[in-house]
Protein chains: 2
Amino acid sequence: MKKTLFVTILFIAIASIFLLGNISKPNKEKQNTSSKYLDLSNSGITDAKDVTPIIVQALEKCKKEGYSGIRFPKGTYHFYPTYAPDFYAAITNNDNGLKRTPFPIFNFDNFHIDGGGSDFIFHGKMLPFIIEESNNIKVSDLSIDWEVPFFAQGTVVRNDSNANTFDLRMETPYIVDDNRIYLTIEREDSPYEQNFGFRYAKQEKYHQRLGQNIIWDRSTKAPIYKHGLYSGFDNSFFFEAKKLKDSTVRLSSKYKLVPPVGSVFISKGEYLNNRENPGFRVFKSKDLLFKNINVYHAGAMGLIAERSIDITLDSFNVVLRKGSNRLVTTNADATHFCNCKGLITIKNCTFENMLDDATNVHGTYARVKKVISDNQIAYETYHPHQKDYFFASKGDSVRIVDQNTILPKSDILIIEDVKRVNEKVSILSFNKSVKGIAKEYDGIDNISWHASAKIENNTVKNNRARGFLISTSRKVEVRNNYISSQMAAMRMSGDLKLWNESGPCDSLIIEKNQFVNNLHGGNKQAILLIDPEQELSGYKGEVCYHKDIIIRNNEFYTFDSPVLRAESVDGLIFQANRIIQTDAYQPIFPDEPNLTINHCKNVTIKDNTYKLLTGAYVDLSLNTDIE
Amino acid sequence: MKKTLFVTILFIAIASIFLLGNISKPNKEKQNTSSKYLDLSNSGITDAKDVTPIIVQALEKCKKEGYSGIRFPKGTYHFYPTYAPDFYAAITNNDNGLKRTPFPIFNFDNFHIDGGGSDFIFHGKMLPFIIEESNNIKVSDLSIDWEVPFFAQGTVVRNDSNANTFDLRMETPYIVDDNRIYLTIEREDSPYEQNFGFRYAKQEKYHQRLGQNIIWDRSTKAPIYKHGLYSGFDNSFFFEAKKLKDSTVRLSSKYKLVPPVGSVFISKGEYLNNRENPGFRVFKSKDLLFKNINVYHAGAMGLIAERSIDITLDSFNVVLRKGSNRLVTTNADATHFCNCKGLITIKNCTFENMLDDATNVHGTYARVKKVISDNQIAYETYHPHQKDYFFASKGDSVRIVDQNTILPKSDILIIEDVKRVNEKVSILSFNKSVKGIAKEYDGIDNISWHASAKIENNTVKNNRARGFLISTSRKVEVRNNYISSQMAAMRMSGDLKLWNESGPCDSLIIEKNQFVNNLHGGNKQAILLIDPEQELSGYKGEVCYHKDIIIRNNEFYTFDSPVLRAESVDGLIFQANRIIQTDAYQPIFPDEPNLTINHCKNVTIKDNTYKLLTGAYVDLSLNTDIE
C-alpha cells in the first residue's frame with residue numbers, strides 16, 4: 001500500500017465532494033441532452049488508491065451540469081466502500097439491505113457510463129452499479145471484479161474414504177474457528193478493526209460459515225460429474241474443520257463420497273447473506289443498454305433487473321478472467337429479469353462458471369393472504385428473497401391464479417390502489433369484486449409486467465444449475481445459443497410453492513441452438529424441462545398451463561437419454577431437431593425415455609433424428625399420455 | 001386458537017384500516033389540545049386474537065381527529081406482527097432493521113396512551129412502541145411481555161465433570177440440529193411456513209444458536225456466584241448439543257466447571273441478532289412520561305431513548321411477572337439513554353433480572369476518520385451497534401478529544417453542517433479550524449447532548465452486569481436507591497476503545513443509597529467503579545477526566561473487600577458512608593483494598609465506618625497515589 005499517496009489522493013477526493021454539495025440520494029432534475037462527456041483523465045483517478053469518492057463526485061457534477069456521459073481513461077481502478085454512499089435496497093431474489101455504491105444512478109436520463117475498456121476492482125461489500133428510476137442509460141466497455149471473492153475455493157489434496165474426510169489447500173481467504181471453516185470477505189482496516197474487528201467479523205458476516213458447497217472438476221472447469229455425491233446446497237451440512245500443520249484444512253463430510261484428489265471445493269457462504277453484492281441492480285428504469293462488459297465476479301447475481309422496461313445486454317459477459325485460478329464467476333445467476341416488460345434482449349454474451357443459472361425471465365406470484373372486502377385483498381410474499389418485492393402499482397392488470405392448478409380463475413382485474421403494510425404484506429384494491437373467487441393462498445399474477453425476450457448468439461457453459469429459465473407470457477425467441485449447463489439447458493416452470501415464479505409461456509420459440517452435454521450434475525431432469533408445478537391435488541392438466549412452445553432445428557449433443565420433458569402445454573412442436581449421442585460422460589439415466597410428454601394438447605413431433613455413438617440412427621423413445 | 005372468531009375480527013380490523021386511509025409513516029400535523037380520549041371499549045379489541053391492526057387504525061384516527069389520548073379497557077391483548085407496519089430504525093446500542101410496531105408514534109404532540117392496567121402480549125419479532133419526533137407524550141398503566149421470550153432457559157438436571165457435559169430440561173422453545181442447540185422465536189403460521197419455514201428459520205434467525213450464556217441461581221433468582229466459571233459471553237463457546245431420550249439436552253461445555261444441578265442455563269442467542277426487539281424506542285422526542293409500566297420481557301433493552309429531551313420514568317418497572325418460571329426480564333439493559341439532554345428522571349422503578357445494566361446515561365464519541373480541510377472532518381462510528389448513530393446536527397457544540405488521554409484538545413466547535421455518507425461515515429463542518437488539532441482516531445464529544453439525571457428511590461437487583469452507568473457532564477443525582485447487581489453497582493467510565501461511551505462526569509452526587517452484596521459475579525471491579533479508560537500511552541492523569549463526584553451517606557452491605565475504585569477525578573468526596581460486612585457469599589478478592597484512588601486531585605475521605613461481621617469497627621484500607 002502506497003499509504004502516503006493514498007492519503008493525499010483521498011484527501012483531495014473527499015475534499016472535492018464538499019465543493020459539490022450533498023451526496024445523498026439525488027432528486028430528479030431535468031438534464032439537457034447534449035453529447036458532452038465528462039472526461040475523467042485529469043480527475044485524479046489514475047493515481048487514487050480508492051476512486052469511489054472521485055466517481056461519486058463526478059456523477060453529481062454530471063447530473064448538475066447536464067453531461068450526457070462520463071468517460072474513463074483505460075486503466076485499472078479500485079473501489080473501496082469506505083466513502084461510498086449507501087442506500088437501502090430491496091432486491092428480489094437477492095439479499096436486501098444498505099448497499100454501498102460508487103455509481104448511484106438515481107433519476108438519470110440519457111446518460112452513458114463509458115469505461116473505456118477499464119478494469120474495475122471492488123473491495124469488500126459493495127454494489128458496483130445501482131440504476132433506479134432512470135431512462136436511456138448505457139453502460140459500456142468495462143469489467144467488474146473483486147479483489148477477494150465472496151466464495152471459498154480450495155483444491156482437494158488428500159482424502160480418506162473411511163474417515164470421510166478430505167483436505168483442502170485453500171486458494172481464497174479463510175479462517176478455521178469453532179471447529180468450522182469460514183470464508184473471509186475483505187474488510188476495511190482501522191485501529192478499531194485491528195483491536196476489535198475479529199470479535200464481530202462472524203456476526204457481521206465478514207466471516208461466513210461454509211455449507212452450501214459444490215465440487216468442481218479442474219480439468220473441465222465445470223461442476224463435477226454427479227456432484228450430489230460429494231456436495232450439497234443443504235445448510236445443515238456444515239463441515240467440521242481442522243487446520244493441519246501443512247496449512248491445509250481437513251473437512252469432515254457427511255456426503256456419500258469424499259471428493260477426488262485434484263477436484264476443487266467451492267462454497268458461497270451463508271444463505272441470506274451470500275447474495276448481498278450483485279454487480280448491477282436495475283429498478284424502475286427504461287431503455288437500458290449494457291455493452292462490452294465483463295463481469296468476472298459478483299457476490300450475488302451479475303445483473304438483476306426488476307420492474308424495468310426494454311433492456312439490452314450485448315456482449316455482457318460473465319466470465320472467468322484469463323489466467324485466473326478461480327473456477328467461479330458469480331455467486332448466483334449471471335442475469336435475472338423479474339417483473340419487467342417490453343423487450344429483454346440478450347445477445348452475443350458468454351455466461352460461464354456461475355453458481356446458478358444464466359438467465360431467468362419471470363414474474364413473481366404474490367399470494368392471497370386475506371380477502372378483506374369484495375374488491376380488496378391483502379397479499380403476502382413468502383420467500384425470504386421476496387421481502388419488499390415490488391409486485392404492482394395502480395393501473396396494473398392482474399389475475400387471480402388457483403393455488404392447485406396455477407391456472408387463472410378470475411377476470412383481468414385492474415389495480416386501483418396498493419398500500420404497503422410491511423415488507424411482506426400489502427393491500428390491493430381492484431376495480432371489481434373478487435368475492436368467492438380469491439381464496440387464501442391463491443396466487444396473483446401481474447400480467448402487465450411480463451416481458452418479451454430475444455436471446456440470441458450466446459454461450460452458456462460450466463455453470464452450476466441451468467441455462468435459461470423462461471416464465472413469461474409474452475413472445476420469447478431463443479436462437480443460435482450454445483448451452484452446456486450442469487442441469488437442464490432450459491426450464492419453463494411456473495410454481496406456487498417455494499419460489500412462486502410466474503407465469504406461463506405463450507409463444508416461445510427455441511431454434512437453432514446447440515445443447516451440449518447438459519445434465520451431468522445428476523439431477524433427474526431433461527435438457528429441455530417444461531414442468532409447471534401443478535401436481536397438487538392430482539390435477540391432470542385438463543387445461544394446459546403453457547401455450548405454443550416451438551422447439552425446432554436444434555442440435556442436442558448428449559451423453560444421456562432425457563432430451564425433453566413437457567407437461568401441460570397446449571401447442572407443442574418438437575420438430576427437425578438433431579440428437580447426437582456423445583461419450584462425454586457415462587449416462588446417468590439411460591433407461592429414461594428421450595421424450596416425456598404428459599398432459600399436453602396439440603402436440604407435433606416430427607422430422608427429428610437421433611444418432612447413436614455407433615453411427616446408427618434410431619427413433620427417439622417417447623413416454624406420453626397423448627392418445 | 002378460536003380461529004373463526006379470529007378471522008372475523010381480523011376481517012373487521014383490516015377492513016377498517018382502509019376506511020381511514022394510508023397507514024404508512026404519518027406526517028406531522030397540527031393537533032388540537034382538547035382532552036378527548038379515544039375509548040377502545042367498543043373497538044373490537046376485547047374479542048380480537050390480534051389487536052395490532054385495530055390499534056394502528058385507532059392511532060391514525062386519533063391523529064387525524066386530534067384526540068389527546070387513547071384508552072384501553074383493562075384486559076389482556078395480543079399483538080401479532082402480521083399486519084403491523086414496519087419502519088427502518090437505526091437504534092444505538094441495539095440492532096438496526098425494519099421494525100414492526102402496533103404503536104407507530106411518529107410526529108404526535110400532547111398524546112397519552114393509557115393502558116388502563118392492561119397486559120400487552122407480543123408475538124414474534126416486534127417493537128412494541130416507537131416514539132419519534134413527538135412531544136409531550138405519556139404512556140401509562142400497561143405491561144408488555146412476549147408469549148415466547150427471546151432467550152433460552154433450561155434447568156440443569158445432571159452434570160458430568162469428567163466429560164464436561166451438563167443436561168438441561170428446557171423451559172423455552174428450542175431445537176437441536178447440526179449438533180447445536182438453537183432457541184426458537186415465535187413465527188407466524190401459514191401454508192408456506194409449514195412447507196418451507198424450517199428451511200429458512202436459522203438464516204432468518206428465528207432459530208438462533210446459543211452461545212452468549214450465563215448460569216442463574218434458582219434460589220437467589222440472581223446470576224450464579226462466580227458465573228465466569230461456567231459461562232461466558234464469548235461467541236466462540238458454541239455448545240455441542242445432543243437431544244437425549246428423556247427430552248433433555250446434553251451440552252458439551254468448554255468452560256472451567258460444569259454448572260451445578262438445579263442451576264439454570266440462560267442464553268440470549270446470536271450477537272447482532274439478539275437486540276432486535278426493544279420494548280420502547282424513543283428518538284428525537286421531548287417531554288416524555290412513562291408511568292406505571294411493567295416490562296416483563298423485551299428482546300433487547302426495555303427502553304432505549306436517543307437524541308431526546310426531558311424524559312421521566314416513574315414506576316417504569318422491568319420485573320419478572322409474578323408466578324412466572326422465567327429468570328430473566330430483558331435481553332439487554334432495562335433502560336438506556338444516549339445522546340439525550342435536559343433532565344432524565346428515573347424514580348420509583350424496580351429493575352430486576354436483566355441480562356445487562358439497569359441504566360446507562362451517556363453520549364457516544366464519534367472518531368475522526370480523516371481531516372478533510374481546515375474545518376471539515378469525516379468521522380466514523382465503529383461499533384456495530386452504532387451504525388447510523390445520529391451523532392450531531394447543525395448548531396451542536398462539540399469538542400475534539402485526544403485518543404490517548406480522552407481529554408479535550410480543542411476549543412468548543414460549532415457544527416455548521418453534517419453530511420451523512422453512509423451508515424458509518426459522515427462529514428462535519430465546523431465554525432473554526434481544527435487543523436493541527438484533530439488527528440485520525442481522536443474522539444469527538446457532542447457536549448450539547450449530555451443530559452442531567454435524577455435517579456431516586458429505585459431498586460436494582462438480580463441482573464447480570466451493573467446497576468447505573470453514568471457518563472455525562474451535566475448534574476446527576478443518585479439518591480435513595482437499592483442496588484444489588486452482579487458486577488459494580490455503579491460505573492463512571494468514559495472510553496475511546498470498544499464502546500466509545502462519552503463523556504466525563506461533572507457534579508455527580510451519590511447519596512443515601514444502599515449497595516447490597518454487589519460483585520458476586522467474580523469480576524475484579526469495585527462497588528463504585530470510576531475508571532475512565534486512559535491507560536493508553538501511559539497517561540497518568542495529570543489532568544483529570546472526571547470532576548466533582550460526591551459519595552456520601554450511603555450504606556454498603558458487602559461480602560467482599562473492594563468498595564470504591566476511583567481514577568482521574570478532580571474533586572472526589574467519600575464521606576459519611578457506612579460499610580457493613582456480610583456473609584452472603586465467600587469473599588472473592590479479600591486482599592484487595594477497600595478503597596483504591598489513583599490519579600485524583602482534591603480528594604476528601606472522612607467520617608466513613610466499616611463494621612466487620614464480628615461487630616468490630618475497623619478503618620477502611622486505602623491504596624492510593626495521593627501524596
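Naming convention: chains lettered A, B, ... in sequence-line order (proteins, then strands); numbering from 1 in each chain. The model shown is predicted, which means the values in this text are computed figures rather than measured ones.
Only the side chain of A/D388 comes within contact range of chain B, with heavy atoms under 4.5 Å apart. Proximity to chain A (any heavy atom under 4.5 Å) is restricted, for B/K205, to the side chain, taken from C-beta onward. Proximity to chain A (any heavy atom under 4.5 Å) is shown, for B/N96, by neither the backbone nor the side chain. Residue B/Y382 touches chain A through both its backbone and its side chain, counting heavy-atom pairs closer than 4.5 Å. Heavy atoms closer than 4.5 Å to chain A are found in the side chain of B/S190, but not in its backbone.
Remark: the B/H383 side chain and the A/Y200 side chain contain an N/O donor-acceptor pair separated by less than 3.5 Å.
When all heavy atoms of B/N422 and A/R100 are compared, the pair lying nearest together is ND2-NH1, 3.3 Å. Shown here for A/Y192 and B/N500, the closest heavy-atom pair between the two residues is CE1-ND2, 3.8 Å.
To the nearest 0.5 Å, atoms NZ (A/K369) and OG1 (B/T82) are separated by 5.5 Å.
Ranking A/D86, A/N179, A/V425, A/L98 against chain B, the residue ahead of the rest is A/D86, based on heavy-atom pairs under 4.5 Å. Taking B/K424, B/R367, B/R209 one by one and counting their heavy-atom pairs under 4.5 Å with chain A, the maximum is reached by B/R209.
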request  = Please test B/K202 against A/Y271 for side-chain contact (heavy atoms from CB on, under 4.5 Å), starting from the C-alpha separation and ending with a verdict.
outcome  = CA-CA 9 Å; B/K202 281 184 198 171; A/Y271 195 73; over 6 Å; no
request  = Report the C-alpha distance between B/K387 and A/E204 in whole Å, list the side-chain angles of each, state the deciding distance to 0.1 Å, and finish with yes or no for salt bridge (Lys or Arg N to Asp or Glu O under 4.0 Å).
outcome  = CA-CA 12 Å; B/K387 286 181 182 169; A/E204 291 193 300; 2.8 Å; yes
request  = Kindly indicate, with the supporting measurements, whether the criterion side-chain contact (heavy atoms from CB on, under 4.5 Å) is fulfilled by A/F196 and B/K497.
outcome  = CA-CA 9 Å; A/F196 306 110; B/K497 287 163 66 178; 4.1 Å; yes
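Side-chain atoms of A/Y88 do not come within 3.5 Å of backbone N or O of B/Y88 as any donor-acceptor pair.
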